[in-house]
Amino acid sequence: MADLDLDSSFIPALHKPSALLPIAKHRESLLYLVETYPVTIVIGQTGSGKSTQIPQFLEKAGWCSDGKIIGVTQSLADVTCQPRRVAATTVALRVADEVGCEIGKEVGYSIRFEDVTSSSTKVKFLTDALLIREALADPLLSRYSVIMVDEAHERSISTDILLGLLKKIRKKRPELRIIVSSATIQAEEFFDFFTRGSGQETQKEQEGRRSSDIVTIVSLEGRTYPIDILYLESPTEDYVDKAVSTVFDIHTQEGEGDILVFLTGREEIDNAIRAVADRALQLDGRHGPLQPLPLYAGLSTEQQMYVFDKPPEGTRKVVFSTNIAEASVTIDGIVHVIDCGFVKLRAYNPKTGIETLTTTPISKASASQRAGRAGRTKAGKCYRLYTEDAYQKLPETNPPEIQRSNLASTVLQLKALGIDNVVRFDFLSAPPAELMSKALELLYSLGALDEYAKLTHPLGSRMAELAVEPMMAKTLLSAPQFNCLSEMLTIAAMTSLGGNVWFYHDGERNRMESSRRKFAAEEGDHLTLLNVYQTFITKGKKEARFCHEHHLNYKSMTRAMSIRAQLKRYLERFNIKIDETLSSNQASSAVDNSRKAENIRRCLTSGYFAHAARMQPDGTYRNVEGGTVLHAHPNSLMFNRKADWVIFHEVMETGEKTYIRDITKIEKNWLVEYAPEFYKLS
DNA sequence: GAGCACTGC
């Protein structure tokens with residue numbers, strides 16, 4: 001049995017008055033450290049109360065007295081049973097409650113579609129992406145006296161960028177206080193980052209030191225519930241099968257307590273649930289029933305909520321989950337965790353421009369986090385479906401997102417923040433040079449950067465402000481020339497849902513497909529998505545019932561409305577006129593419709609020329625370079641239709657094949673017409 | 001004829 005490190009300790013923070021939280025006794029020393037050191041790294045357990053208590057300590061100690069405010073960027077999912085956007089709001093609500101104020105007054109929050117703050121707000125909870133956006137208008141974030149970056153060890157791109165910005169801001173605003181909350185393993189990395197000079201030359205000198213003039217580390221320990229870690233004696237060939245048999249071993253041999261099983265994706269989860277249901281029929285009467293439940297992001301909200309319900313008396317709940325339950329969603333009552341040891345990780349190949357989604361061994365940090373899910377209320381057990389030897393060979397952490405992603409929007413944002421030399425930006429972990437140059441090339445070809453790699457105006461700066469990826473931003477901004485802005489707003493909103501438009505239960509695939517055919521447009525997926533949205537708004541009256549009848553994801557459709565409205569506000573701010581009367585005119589003639597459709601296809605080509613492909617006689621596609629075999633994704637209308645040239649929204653390699661998604665037919669000569677330089681070079 | 005882990009503006 002291996003040690004569990006520190007992540008195994010949990011306390012049920014939600015049910016304790018704040019004075020009893022372990023953090024309360026650290027109050028004085030925390031305030032002293034923040035006063036003394038510009039940067040404080042806080043190592044704290046889930047439930048240590050750091051995200052709710054520290055901002056209150058600071059406020060009471062006078063950090064807002066000169067009209068400045070405290071900002072807390074959040075991924076607060078750990079204290080509630082909600083995905084993090086919702087969680088951010090509930091934690092803000094909880095702090096407001098503790099302070100005794102109305103939400104939006106002294107304590108407020110700001111997330112993408114909701115700004116609940118006012119001129120009296122002193123403590124503001126917000127997402128890190130939103131704080132970066134604030135820096136576009138206020139580069140020194142001068143409103144803030146303290147900024148706390150919570151759960152920084154998750155290392156999202158926006159967290160990494162924010163930390164780089166804060167380090168830069170600190171040079172011009174030495175009075176700014178930065179608090180970084182982190183898991184144990186990564187604390188040293190943050191310490192080194194803030195201690196070293198921008199050129200990294202002092203790193204060696206800092207070895208072994210835990211404190212400098214600038215940075216300090218403080219650890220807030222919580223009470224520990226022990227978790228037994230069990231390994232396999234020999235590796236398994238089929239972890240889904242092994243997970244199912246482990247569920248039955250636990251059920252027949254262990255005391256009460258629900259089970260959480262980590263698998264990698266929907267298919268595995270559906271299979272495992274079927275297998276449990278089958279085998280449960282053979283259970284003898286001595287054991288209570290099992291209730292297997294799925295949990296992954298693609299489920300509707302109601303389906304996700306089942307996992308939080310208490311099972312009937314005597315029934316054992318078994319939740320089969322993706323990585324969503326590792327950090328974003330917390331389920332109470334879990335005593336047993338089964339960890340398959342794998343996760344699907346996204347990576348981006350700058351040479352081919354293709355994203356891959358590959359099943360990869362998890363890191364030790366993930367393994368520890370997963371195990372910790374077993375012991376929130378009492379001692380638990382974690383069954384690792386791999387050997388102890390395999391565990392020892394796992395990497396400490398996975399590479400951060402910024403080193404394995406398409407950086408086009410990140411680079412564009414940095415440029416808009418006034419960081420001209422993006423390659424020399426002080427990254428926590430520098431991305432590979434190929435990722436940077438690929439991003440710069442794309443932004444240049446889109447016209448967002450000029451030949452000196454300077455941000456262009458107004459095109460580049462507007463693209464940076466729009467909350468969609470650069471290719472879609474360019475498409476939107478060229479839409480007025482093609483007289484299709486209203487339609488393109490809808491298409492931008494629908495494509496940014498990322499494939500979650502359609503919804504069906506296990507075994508309902510065919511019915512979903514026939515629903516989808518009712519909205520089909522000859523020209524391809526983008527026009528089909530436009531039909532879906534327009535029908536939802538008009539005939540469907542924006543109702544959930546319409547979505548259920550047509551196998552649409554209601555949550556996604558309402559989200560599309562919000563995104564569309566937000567994009568529209570941005571364009572209005574740019575003084576771009578949007579004519580909404582044409583698009584809702586259902587009585588237009590067939591000729592008008594096909595002309596409109598052609599304009600939309602041309603407009604899409606003006607932004608997505610780099611995502612062009614040609615169909616081969618065998619029905620597969622080749623991209624412009626010709627190298628890669630691309631398949632229309634089975635969810636695409638073009639999956640079994642003929643085409644010549646097409647553009648696509650997204651390309652992704654999963655398993656053996658490379659799929660393109662959201663595909664629309666175009667004409668070859670449009671590519672040369674709208675991207676002459678790009679296609680001259682190719 | 002076969003399938004997208006998860007956030008976020």
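So that the names make sense, note that chain A is the first sequence line, chain B the second, and so on, each numbered from 1. Because the structure is predicted, anything quoted here is derived from the model rather than measured. For the numbers below, each heavy atom of this structure counts, side chains included, while hydrogens, waters and symmetry mates do not.
Taking CG of D160(A) as the reference point, atom CZ of F427(A) lies at 9.0 Å (rounded to 0.5 Å).
Other residues, nucleotides and ligands contribute only 12 or fewer heavy atoms inside 6.0 Å of the OH atom of Y306(A). Counted within 6.0 Å of CZ on R622(A), heavy atoms from surrounding residues, nucleotides or ligands total more than 12; the atom is thus considered enclosed.
Using a 4.0 Å cut-off between charged nitrogen and carboxylate oxygen, E522(A) and R641(A) count as a salt-bridge pair.
An aromatic stack links F639(A) and the base of dG1(B), using centre distance under 5.5 Å and interplanar angle under 30°.
Between the CD atom of E355(A) and the C1' atom of dT7(B) there is a distance of 14 Å, given to the nearest Å. Following rounding to the nearest Å, E656(A) (CD) and dC4(B) (P) show an atom-to-atom distance of 13 Å. Counting to the nearest Å, the P atom of dA5(B) and the CZ atom of R370(A) are 14 Å from each other. L126(A) places its CG atom 13 Å from the P atom of dG8(B), with the value rounded to the nearest Å. The nearest whole Å value for the distance from the CD atom in E267(A) to the C1' atom in dC4(B) is 12 Å. For the pair E154(A) CD and dT7(B) C1', the computed distance is 9 Å after rounding to whole Å. Following rounding to the nearest Å, L412(A) (CG) and dC9(B) (C1') show an atom-to-atom distance of 12 Å. Rounded to an integer number of Å, the gap from CZ of R346(A) to P of dG8(B) is 14 Å.
Aromatic ring orientation, F519(A) versus W502(A): tilted (interplanar angle from 30° to 60°).
In terms of polar N and O atoms assigned as donor or acceptor, the side chain of R266(A) never comes within less than 3.5 Å of the base of dC4(B) in a complementary pairing.
OP1 or OP2 of dC4(B) lies within a sub-4.0 Å distance of a side-chain N or O belonging to H633(A). Residue T322(A) places at least one side-chain N or O under 4.0 Å from the OP1 or OP2 atom of dC6(B).
Annotation: proximity of residues 468-479 of chain A to DNA chain B (heavy atom, distance under 4.0 Å) is found for no residue. Within residues 647-654 of chain A, the residues that place at least one heavy atom under 4.0 Å from DNA chain B are, in residue-number order, E650(A), M652(A), T654(A).
Considering only the side chain of I324(A), dC6(B) comes nearest among dC6(B), dA2(B), dG8(B). Here the side chain of Y659(A) is nearest to one of dA2(B), dA5(B), dC9(B), namely dA2(B). Side-chain proximity of T127(A) to dA5(B), dG8(B), dC4(B): nearest is dG8(B). Here dC6(B) is the nucleotide among dA2(B), dC6(B), dC9(B) with the atom lying nearest to any side-chain atom of Y296(A). Each of dC9(B), dC4(B), dG1(B) was ranked by its minimum atom distance to the side chain of L357(A); first place goes to dC4(B).
Figure legend: R384(A) and Y391(A) shown as a cation-pi pair, the cationic atom lying under 6.0 angstrom from the six-membered ring centre and within 45 degrees of its axis. The cationic atom of R370(A) (NZ for Lys, CZ for Arg) lies less than 6.0 Å from the six-membered ring centre of F262(A) and within 45° of the ring axis. With a 6.0 Å cutoff to the six-membered ring centre and a 45° limit on the axis angle, K124(A) does not count as a cation-pi contact of Y109(A).
Aromatic pair H551(A)/F503(A): centroids not less than 6.0 angstrom apart.
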Result block: side-chain N/O donor-acceptor pairs under 3.5 angstrom for residues 462-474 of chain A, not counting sequence neighbours:
unit_1  : atom_1 : unit_2  : atom_2 : d
R462(A) : NH2    : F574(A) : O      : 3.1
E469(A) : OE2    : Y608(A) : OH     : 3.4
K474(A) : NZ     : L446(A) : O      : 3.1

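Between A467(A) and A297(A), the residue anchored closer to the 5' end of DNA chain B is A297(A), taking for each the nucleotide with the nearest heavy atom.
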